[in-house]
Each structure stands twice: as structure tokens, then as C-alpha cells.
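Below is one structure, written out as C-alpha cells, with a few remarks after it.
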Amino acid sequence: MDTTENKSAFEAITTQEAPDKIVENRLARERAKYTDYQELKAKAGKLDQTVAELDTTKASLEQAQGRVEELTKQRDLTALKTQVAKEAGVPADMLHGDSEEALRELVRLEADTALIDRFKRVAAGQHHELRVCTRVLPTSR
């Protein structure tokens, strides 16, 4: 084994410039790894902004869809009230309920109540109501 080869390959650090140069070379290699850092940082910022805008748009869309569903339900209920009221011969604004069954039951109850009130008036001596009481009222039974 030749010790002169090992000794000649090693250089002793005698000045501050040598370690500074070693450190500077190492830092340059590390900086080279991250040369596109600012570009990636800008892209990440744009992506975050786009995601935030997308979330806002999604929330607005969901709110709008909810409003459309609510208005569609109101429209359908109004049409149903109009239909039931027309069939029963009563004003549509007197009907309250959120289903066809509830509306038809209300019409039936109103008809029964009106008939009972007429019978009470006849029983109390108001005979001019007798003709009205003999009329057959439509029911949904």
C-alpha cells in the first residue's frame, strides 16, 4: 500500500476560503433542487384560490337548487289546491295542507261541519234552511 497516494489526495484546510467554497458549493447544489420553488408556490396559491372560488360557487349552486326545489314544491301545492278546490267547489285560499290527502280531508271536514251547522239551524227553528240541508254534499269518501 502506497501511503504517498493517500497523502497527496488529502489537502489540509489552511484558509477560511476553502470551507467557504465547500459550503457555497453545497448550498448551490441544494438551491438547484428548488429552483422552481417560487413558481410552484405561485401555482399552489392559484390552486388554493381556485378551490376557494369553487367552494363558494358550489355553496351558491346548492342554495339555488334548494330555492328551486322549494319554489317547485310551492307551485305544485298551489296547483293541487286549485284542483281540489275546483272539484269541491270551495275557494282555494281556504285550503291548508301539504298533501292531496290532507287537502281532501279538510274539504270533507268542512263539508261535514257545514252540514252539521245547517242541521243545528233547522233544529233551532230556522226552517228556511231546510231546503239547503236536503242537498247532497260531495265528499271524497
Side-chain angles (χ1 to χ4, degrees), residues 1-3 5-141:
M1 184 182 234
D2 191 9
T3 57
E5 285 181 26
N6 288 339
K7 287 183 181 179
S8 65
F10 175 76
E11 290 184 34
I13 299 175
T14 57
T15 64
Q16 183 61 39
E17 291 175 2
D20 287 347
K21 187 174 182 180
I22 293 171
V23 169
E24 190 62 38
N25 287 340
R26 176 68 180 135
L27 288 173
R29 284 194 312 266
E30 282 300 309
R31 285 185 190 123
K33 290 180 184 178
Y34 303 104
T35 56
D36 59 348
Y37 175 76
Q38 292 300 324
E39 180 184 343
L40 292 174
K41 185 176 175 182
K43 285 182 180 180
K46 286 181 183 178
L47 179 62
D48 288 343
Q49 182 180 3
T50 303
V51 168
E53 290 171 1
L54 181 61
D55 288 343
T56 302
T57 302
K58 182 180 175 184
S60 296
L61 177 62
E62 288 173 352
Q63 184 179 17
Q65 286 175 330
R67 182 70 177 138
V68 166
E69 289 174 8
E70 179 183 322
L71 290 173
T72 301
K73 185 177 178 182
Q74 286 178 357
R75 182 200 64 201
D76 293 347
L77 184 59
T78 300
L80 184 61
K81 283 182 181 181
T82 302
Q83 176 189 352
V84 170
K86 184 178 179 183
E87 290 172 5
V90 297
D93 59 345
M94 77 170 259
L95 298 178
H96 303 285
D98 57 358
S99 69
E100 183 174 2
E101 295 79 26
L103 295 172
R104 292 196 184 280
E105 182 65 17
L106 181 62
V107 167
R108 189 189 65 75
L109 290 174
E110 288 294 327
D112 289 350
T113 302
L115 187 60
I116 290 170
D117 288 345
R118 288 180 182 146
F119 279 127
K120 285 181 181 177
R121 283 194 294 262
V122 168
Q126 299 172 353
H127 299 289
H128 63 281
E129 293 286 329
L130 188 55
R131 280 184 307 165
V132 177
C133 291
T134 59
R135 180 175 149 245
V136 177
L137 296 175
T139 62
S140 61
R141 292 183 198 173

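Computed from a predicted model, the values in this text were never measured in an experiment. The residues of the chain are indexed from 1 along the displayed sequence.
Annotation: side chain of Leu103 is in contact with side chain of Lys81 (closest heavy-atom distance under 4.5 Å). The closest side-chain heavy-atom distance from Glu101 to Arg104 is not below 4.5 Å.
Evaluation of the side-chain contact (heavy atoms from CB on, under 4.5 Å) rule for Ala92 yields Ala85 as partners, not counting sequence neighbours.
Comment: Glu24 does not engage Lys21 in a salt bridge, judged by the lack of any side-chain N to carboxylate O separation of less than 4.0 angstrom. With salt bridges taken as basic N to acidic carboxylate O contacts below 4.0 Å, none links Lys73 and Glu69. At a threshold of 4.0 Å, the pair Arg108-Glu105 counts as salt-bridged, since one of the basic side-chain nitrogens sits closer than that to a carboxylate oxygen.
Summarising the geometry, atom CD belonging to Gln38 is positioned 9.5 Å from atom CG belonging to Leu40; distances are rounded to the nearest 0.5 Å. Interatomic distance, CG of Leu71 versus OG1 of Thr78, reported as 10.5 Å (0.5 Å rounding). Within the model, atoms CD of Glu100 and CG of Leu77 stand 11.0 Å from one another, a figure rounded to the nearest 0.5 Å. The structure places CG of Leu54 at 10.0 Å from CG of Leu61, a figure rounded to the nearest 0.5 Å. Note: Leu47 CG to Thr50 OG1 = 6.0 Å, rounded to the nearest 0.5 Å.
The environment of Gln74 atom CD is dense: over 12 non-hydrogen atoms of other residues, nucleotides or ligands sit within 6.0 angstrom.
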Check the pair Asp76 / Leu80 against side chain to side chain contact (heavy atoms under 4.5 Å, CB included), numbers first and verdict last. CA-CA 6 Å; Asp76 293 347; Leu80 184 61; over 6 Å; no
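Scanning all heavy atoms of the two residues, the minimum distance from Gln16 to Pro19 falls at O-CD, 3.1 Å.
With hydrogens and angles left out, the side-chain atoms of Gln83 and Glu87 include a donor and acceptor closer than 3.5 Å.
Among residues at least two apart or in separate chains, there is no salt bridge (Lys or Arg N to Asp or Glu O under 4.0 Å) pair with a member in residues 51-64.
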